[in-house]
Structures are given as structure tokens and as C-alpha cells.
Amino acid sequence: QVQLVESGGGSVQAGGSLRLSCAASGYTNSIKYMGWFRQAPGKEREGVAVIYTGGGSTYYADSMKGRFTISQDNAKNTAYLQMNTLKPEDTATYYCAAGVMNLAVVFPGVWAYKYWGQGTQVTVSS
């Protein structure tokens with residue numbers, strides 16, 4: 001089993017920045033990729049970014065490219081999401097997730113993730 005704990009959410013004005021953290025514990029050697037998702041009220045959960053733990057490759061949703069950066073610290077079993085130039089439409093609950101599958105796609109959806117954090121709220125005001 002793997003446990004994920006997010007932190008770093010909060011309220012910020014448009015144009016500001018936040019860094020989210022996701023600390024993994026348990027059987028972390030099984031994790032092949034870690035992703036960030038977000039879900040706004042009344043909307044489906046959408047993928048934000050993914051990082052492959054083995055080689056560090058990263059992939060992003062088109063709307064986040066250039067503003068968000070996913071990274072990892074393997075020694076700390078922690079993934080990060082640096083979010084810059086935040087917009088009100090970025091307001092959502094952000095979730096960290098970890099997957100253990102061998103994938104044929106580089107930017108998988110929620111179906112590919114076995115473990116999920118509890119979520120952290122990000123609110124961007126105009």
C-alpha cells in the first residue's frame with residue numbers, strides 16, 4: 001500500500017504562485033508515475049501533470065504548459081507541483097495520485113492511478 005498526503009494549497013490572487021507537495025509513504029518502490037489532478041465544483045476531475053519516477057519524464061495538460069511544473073525528490077518520496085501565473089479558473093481541489101502500471105500512453109487519466117491523496121484546495125481570486 002501507498003499513502004499520499006498533499007500540502008501547500010491555499011488562497012492567492014490572480015498572477016500569484018503556489019507550490020503543492022505530495023509526500024508518499026509505504027511501498028513507494030512500486031510507484032512508476034505520480035500525477036496531479038484537479039476538480040472544480042460541478043466538473044470532472046482533470047489531469048494536470050504527470051512525472052515518471054524512473055527517468056523523470058514529465059507531461060502536462062495543454063492549458064497548464066508553461067505555467068505549471070511537476071518535479072520530484074526521490075530521496076524524500078515527494079512530488080511537487082509549482083504553479084505560476086495562477087488564474088481564477090485554476091481554482092479547484094488538487095489531488096496527488098500514484099500509479100503502478102506499465103502504460104502505453106504518456107498522459108494517463110484517472111483510470112491509471114491506484115493511490116490518491118485527500119486533496120488540497122487552491123483558490124485564486126481576481
Side-chain angles (χ1 to χ4, degrees):
Q1 290 292 319
V2 172
Q3 296 77 43
L4 303 174
V5 178
E6 301 106 332
S7 61
S11 297
V12 65
Q13 289 191 329
S17 299
L18 283 173
R19 188 176 82 155
L20 307 182
S21 300
C22 175
S25 60
Y27 191 42
T28 57
N29 286 343
S30 67
I31 298 173
K32 290 184 168 61
Y33 45 93
M34 294 186 72
W36 286 96
F37 288 78
R38 68 185 187 183
Q39 189 167 20
K43 295 188 177 181
E44 292 187 354
R45 191 168 297 191
E46 64 172 340
V48 173
V50 60
I51 185 166
Y52 287 83
T53 57
S57 297
T58 59
Y59 300 89
Y60 299 87
D62 287 343
S63 61
M64 287 73 164
K65 287 179 182 177
R67 298 193 300 126
F68 291 7
T69 303
I70 189 171
S71 61
Q72 62 182 1
D73 183 334
N74 287 335
K76 296 182 179 179
N77 291 318
T78 300
Y80 303 96
L81 184 68
Q82 177 67 43
M83 305 185 293
N84 298 327
T85 319
L86 284 162
K87 305 174 182 179
E89 51 264 44
D90 293 319
T91 295
T93 301
Y94 283 71
Y95 296 91
C96 171
V100 301
M101 300 170 62
N102 293 315
L103 299 174
V105 296
V106 296
F107 194 72
V110 296
W111 56 268
Y113 292 85
K114 184 174 182 179
Y115 304 105
W116 291 85
Q118 80 286 356
T120 185
Q121 179 66 35
V122 171
T123 302
V124 184
S125 59
S126 57

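The pair Asp62-Lys65 counts as a salt bridge, with a side-chain nitrogen and a carboxylate oxygen less than 4.0 angstrom apart.
Taking the centre and axis of the six-membered ring of Phe37, the NZ or CZ atom of Arg45 falls outside the cone set by 45° and 6.0 Å.
Ring pair Tyr52/Tyr33 is tilted by interplanar angle, where 30° to 60° counts as tilted.
When the side chains of ILVMFWY residues are joined at heavy-atom separations under 4.5 Å, either directly or via intervening members, Leu103 and Val48 end up in two distinct hydrophobic clusters. Both Tyr115 and Tyr94 are part of a single hydrophobic cluster, where members link through side-chain heavy atoms under 4.5 Å apart. Put simply, Trp111 and Val106 are part of the same group of oily side chains (I, L, V, M, F, W, Y) that touch within less than 4.5 Å, one to the next. A continuous path of Ile, Leu, Val, Met, Phe, Trp and Tyr side chains, each step under 4.5 Å between heavy atoms, connects Val50 with Met101, placing both in one hydrophobic cluster. When hydrophobic clusters are built by joining Ile, Leu, Val, Met, Phe, Trp and Tyr residues whose side-chain heavy atoms come closer than 4.5 Å, directly or via intermediates, Tyr80 is not grouped with Met34.
Across every non-hydrogen atom of Ala49 and Leu81, the tightest pair is CB-CD1, 4.4 Å. The heavy-atom pair separating Gly99 from Tyr113 by the smallest distance is N-CD2, 3.8 Å. When all heavy atoms are compared, the tightest approach of Asn84 to Ser17 is OD1-OG, 2.9 Å. For the pair Ala61 and Phe107, the tightest heavy-atom approach, listed with the atom from each and the gap, is N-CZ, 3.5 Å. Taking both residues in full, the closest heavy atoms of Thr91 and Gln121 are given as CG2-NE2, 4.0 Å, listed atom of the first, atom of the second, then distance.
The shortest side-chain heavy-atom distance between Val124 and Glu89 does not fall under the 4.5 Å cut-off. At least one side-chain heavy atom of Gln118 sits under 4.5 Å from a side-chain heavy atom of Glu6. Residues Phe68 and Thr58 fail the side-chain proximity criterion, which asks for heavy atoms closer than 4.5 Å. A 4.5 Å side-chain heavy-atom check between Val122 and Arg38 finds every atom pair outside the cut-off. Contact of the Leu4 side chain with the Tyr95 side chain is not registered, since no non-hydrogen atoms from C-beta on lie closer than 4.5 Å.
With Thr85 contributing its side chain and Gly15 its backbone, the two residues share no donor-acceptor pair below 3.5 Å. For the pair Tyr60 (side chain) and Ile70 (backbone), a donor-acceptor distance under 3.5 Å is present.
From Asp90, atom CG reaches atom OG of Ser63 across 7.5 Å, with rounding to the nearest 0.5 Å. Of the inter-residue distances, the one linking Ser21 atom OG with Lys76 atom NZ reads 9.0 Å to the nearest 0.5 angstrom. Considering CG of Leu20 and CE of Met83, their distance stands at 4.0 Å, rounded to 0.5 Å. Separating the CD1 atom in Ile51 from the CD1 atom in Ile31 is a distance of 12.0 Å, to the nearest 0.5 Å. To the nearest 0.5 Å, the span separating CD on Gln1 from OH on Tyr27 amounts to 12.0 Å. Between the NZ atom in Lys87 and the OG atom in Ser126 there is a gap of 14.0 Å [rounded to 0.5 Å].
For Lys114, the NZ atom is loosely surrounded, since the number of other residues' heavy atoms within 6.0 Å does not exceed 12.
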